[in-house]
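Quick notes on the structure that follows.
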There are 2 protein chains.
Amino acid sequence: MNLSDLLTGLKEKGLKLTPQRQQILRVLLAAEQPLSAKELGMLVNRRFPNVGLGTVYRTLDTLKQLGLVNETVFPGGGRRYELCREHRHHLVCLGCGRAVAFPFCPADCLAKIAAANPDFDVRGHSFAVFGYCGKCRKAQA
Amino acid sequence: MNLSDLLTGLKEKGLKLTPQRQQILRVLLAAEQPLSAKELGMLVNRRFPNVGLGTVYRTLDTLKQLGLVNETVFPGGGRRYELCREHRHHLVCLGCGRAVAFPFCPADCLAKIAAANPDFDVRGHSFAVFGYCGKCRKAQA
DNA sequence: TATTAATTGAAAAGAATTCTCATTTAGCAC
DNA sequence: GTGCTAAATGAGAATTCTTTTCAATTAATA
Ligand SMILES: [Mn+2]
Ligand SMILES: [Mn+2]
Ligand SMILES: [Zn+2]
Ligand SMILES: [Zn+2]
């Protein structure tokens, strides 16, 4: 998934290709881990200093609705955003906040749950493992 | 786990057994699903109308630190609290917010992750499945 | 009952997110 | 290119959620 694919996607939905949106997408493409709205805003501001958080949140909303971005909630409550690429989950450090992705998910659990709750229309799931990374453990000791 | 067990726990840690704390624990014991701080506060207020949210949050913090309460973050970002009973996860309705617990967790995934990241000190994990419950589906249709 | 440190209520402060509205602008027709 | 229009933006106000502050209260202990 590259920038022009994403822009084509927006265009098809009748959305304007504003420079702000393009830059937000560029930052998301370059990100190596899920970003908070604030982090995303700061990165966007490197090139467009007066894009406000309002625009960041609005854009994230539209991208979520288009299914291009997904929102993950990490322990402590912070919402983070990333482009939808391969489905993945994260190993999150409670010390420094860094996240490492892993590509597999609890398929057996999901199957059990769906089987046990036929009335429920399952739309998604979240899974995250948290603890302390090597660096933070050394820093503590 | 009943009320006097919990109170004994608090006492052992040198914490005061205030009526506010007791009521918060009673409400958490009676709850059938994780509560937001606000919901918890309102339920506490039925008996103690002037307990403020400040006290609710402070008490939840102490209970978390004692390992008696755990915090779960549901999709959208709301933090919810429940007594630590058996380890469990939830099936959460995106429509009405109701949650149903299920008692198993992705053990195989957790093992794979721990094996692949020996430097990382795993302290916990979160897992939630979301979608729309039977009631909400009927309401939509 | 007197003492004391922990706890509380009330209110202020902070942080995160959403809303409002006047202004700007991308996309389109001419 | 020029003008039109609905969509998008910037700036800031407003909400909502959570933490902090501090003077007053109170549970625990002697
Ligand atoms: Mn998964
Ligand atoms: Mn589990
Ligand atoms: Zn770390
Ligand atoms: Zn529902």
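Every heavy atom of this structure was used, including side-chain atoms; hydrogens, water molecules and symmetry mates were not. In what follows, every chain begins at residue 1, and chains take the letters A, B, ... in the order their sequences are listed.
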Spacing of B/N50 atom CG relative to C/dA11 atom P, expressed in whole Å: 12 Å
Bending between helix ends of the helix from C/dT1-D/dA30 to C/dC30-D/dG1 [5 pairs per end, 10° resolution]: 30°
Sugar-phosphate, base or nothing in reach of A/R79, heavy atoms under 4.0 Å: sugar-phosphate
Base versus backbone protein contacts along nucleotides 23-30 of chain C [heavy-atom cut-off under 4.0 Å; B, S, -]: --BBS---
Distance flag, aromatic centroids of B/H87 and B/H125, threshold under 6.0 Å: yes
Atom-pair distance (OH on B/Y57; P on C/dA11), nearest Å: 18 Å
Sidechain N-carboxylate O distance under 4.0 Å for A/E39, A/R80: yes
5' to 3' contact window, DNA chain D with chain B (heavy-atom distance under 4.0 Å): D/dC17 to D/dA28
DNA chain D: 5'-proximal contact among A/T55 and B/G54 (nearest heavy atom): A/T55
NZ/A/K64: more than 12 non-hydrogen atoms of other groups inside 6.0 Å: yes
Spacing of B/R58 atom CZ relative to C/dA10 atom P, expressed in whole Å: 11 Å
Separation of atom CG in B/L25 from atom P in C/dT7, rounded to whole Å: 13 Å
d(CG, B/N45; C1', C/dT8) in whole Å: 14 Å
